[in-house]
Amino acid sequence: MTHHAKGTLCGAGLGFRRELLSQMQDNQMLINQHIDFFEVAPENWINSSGIVGGRFDDMLRPYTERFEFICHGLSLSIGSTKELDINHVKNIQRFMQSHGMSLFTEHLSWCSDEKGHLYDLLPIPCTSEAVMWVANRIKQVQDILGTQIGLENASYYYRSDGSEMSDAQFIKAVVEEADCLLHLDVNNIFVNSQNFGFNPHEYLRQLPLERTCYLHVAGHYVDTDGLIIDTHGESVIEQVWELLTVAYDEIYQRTGKTADKIPTCLERDFNFPDIGELIHEVKFIRELQQTHAQKSLNHKTA
């Protein structure tokens, strides 16, 4: 199977990491056959001045010329009370334009304050005031980029004091008020459900899945005390694959969009295995997508 032509953002993809480049160069045929798109974090490829070009750009461009890419940010800090970093957004815009990327997503969290970056994605208090604050900041970003962006449901390890609504209600309120899209991370739902003792399927159904533009699956680490940490450093487990299938069902019921039409990315950020192992997981995403699409078609024609 050949990957989708550039200009078609769908199917199964992989996070693009510099640590994988040598393996990818040695396995071009496998990459061409099984990867539909890649995801890239702009912060890892442009410098603080926002300059696009140079050595890193030379590494990336041969792939962005052939494959569709999704731009997934790490440091926008959309929930921060610190002034929105307009220069950063404009740098992202230049980066995306330079490489022909159409979709930008970020985390619905905050990671900076007046002292600078905190290097962790922290939860936003689920209040009506925070909904309006975050939604207005999202609108600013969308105005600059000239398109809707996707906001990802984040993993968290403590609950903010003073919340007036549930996490799922907060996400729904923000994306509706901002008129943005949902970047659905299935592993984050599972991690939070295990750490805080809620039903991941019920939580999933409370989200505005009709706005889903993109999905993530990933592995995680289980600490000796049972705490699950969203590391993206292990293989995806069976319960997360199962939750992905449920997500496909729910999205289809609300939108009529089959799983193969929704880009779904395997995240792996460290502890990299052989590229063949990662491609095996990407292929499994595609198998789930194709099985779901066929099931949906059969249901329609029955």
Side-chain angles (χ1 to χ4, degrees), residues 12-28 30-31 34-48 55-57 59-60 63-64 67 69-77 92 95 104-112 117-123 152-157 183-192 194-195 214-241 243-244 263-285:
L14 178 65
F16 194 87
R17 307 291 184 260
R18 283 199 292 273
E19 295 88 342
L20 292 173
L21 269 174
S22 62
Q23 285 200 66
M24 286 165 55
Q25 287 162 358
D26 292 339
N27 292 274
Q28 287 291 329
L30 272 179
I31 297 296
H34 300 296
I35 305 291
D36 293 319
F37 69 89
F38 287 104
E39 172 193 281
V40 66
E43 291 87 348
N44 293 333
W45 297 88
I46 54 179
N47 65 23
S48 56
R55 184 167 62 92
F56 286 166
D57 195 71
M59 296 177 188
L60 184 60
Y63 291 89
T64 58
F67 291 86
F69 268 69
I70 290 172
C71 188
H72 180 54
L74 303 172
S75 60
L76 184 61
S77 198
I92 290 169
F95 175 74
F104 174 70
T105 73
E106 249 285 4
H107 303 84
L108 187 55
S109 61
W110 62 282
C111 60
S112 64
H117 275 275
L118 306 173
Y119 301 103
D120 207 351
L121 299 171
L122 302 168
E152 177 187 347
N153 56 293
S155 55
Y156 53 84
Y157 303 95
H183 170 174
L184 181 66
D185 190 307
V186 176
N187 184 60
N188 287 351
I189 294 176
F190 179 79
V191 167
N192 293 343
Q194 299 307 294
N195 288 338
Y214 182 37
L215 288 111
H216 268 173
V217 287
H220 52 253
Y221 173 75
V222 182
D223 209 345
T224 50
D225 61 0
L227 179 72
I228 301 182
I229 304 169
D230 179 37
T231 57
H232 307 164
E234 306 290 336
S235 298
V236 182
I237 67 166
E238 188 176 340
Q239 293 101 311
V240 173
W241 290 127
L243 193 58
L244 176 62
T264 304
C265 181
L266 173 70
E267 287 190 292
R268 188 65 174 251
D269 290 339
F270 78 102
N271 191 26
F272 295 102
D274 182 83
I275 192 75
E277 192 174 320
L278 293 179
I279 287 176
H280 178 74
E281 288 191 282
V282 174
K283 285 168 65 179
F284 190 65
I285 293 172

Side-chain donor or acceptor of [X] paired with backbone N/O of [Y] under 3.5 Å:
X: D223; Y: D225; answer: no
X: E43; Y: G73; answer: no
X: Q194; Y: I228; answer: no
X: D36; Y: G13; answer: no
X: N192; Y: A154; answer: yes

Check the pair E39, T105 against side-chain contact (heavy atoms from CB on, under 4.5 Å), reporting the backbone distance first and the verdict last. CA-CA 10 Å; E39 172 193 281; T105 73; 5.5 Å; no

What orientation do H216 and H183 show, parallel under 30°, tilted 30 to 60°, or perpendicular over 60°? perpendicular

In chain order, what residues pass the salt bridge (charged side-chain N to carboxylate O under 4.0 Å, His left out) check against D269, with sequence neighbours excluded? R17

How close do [X] and [Y] get, heavy atom to heavy atom, and via which atoms?
X: C265; Y: I285; value: C-CD1, 4.3 Å
X: N187; Y: D185; value: N-OD1, 3.1 Å
X: L278; Y: L266; value: O-CD2, 3.6 Å

side-chain contact (heavy atoms from CB on, under 4.5 Å) between I279 and I31: does it pass, once the steps are laid out? CA-CA 8 Å; I279 287 176; I31 297 296; 4.0 Å; yes

Atom [atom1] in [X], atom [atom2] in [Y]: separation rounded to 0.5 Å?
X: N195; Y: F190; atom1: CG; atom2: CZ; result: 9.5 Å
X: N44; Y: L74; atom1: CG; atom2: CG; result: 6.0 Å
X: I229; Y: E234; atom1: CD1; atom2: CD; result: 11.0 Å
X: I275; Y: H34; atom1: CD1; atom2: NE2; result: 11.5 Å
X: I70; Y: F104; atom1: CD1; atom2: CZ; result: 12.0 Å

Are the side chains of [Y] and [X] in contact, using a 4.5 Å heavy-atom criterion?
X: C71; Y: I92; result: yes
X: V186; Y: W241; result: no
X: L20; Y: R268; result: no
X: H107; Y: L76; result: no
X: N153; Y: L108; result: no

Using a 6.0 Å cut-off, check whether atom CD of Q28 has over 12 heavy atoms from anything other than its own residue.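 Yes, because the 6.0 Å sphere around CD of Q28 holds more than 12 heavy atoms from other groups.
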
Can you find a side-chain donor-acceptor pair between E152 and H72 that sits under 3.5 Å?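 Looking only at side-chain atoms, H72 and E152 do form a donor-acceptor pair, the distance falling under 3.5 Å.
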
Of all pairs that satisfy salt bridge (Lys or Arg N to Asp or Glu O under 4.0 Å), the ones with a partner from residues 273-283, not counting sequence neighbours: none

Pairing residues for F16 by the ring pair (Phe, Tyr, Trp, His ring centres under 6.0 Å) criterion, not counting sequence neighbours: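 For F16 the ring pair (Phe, Tyr, Trp, His ring centres under 6.0 Å) partners, ignoring immediate neighbours, are F38, W45, Y63, F69.
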
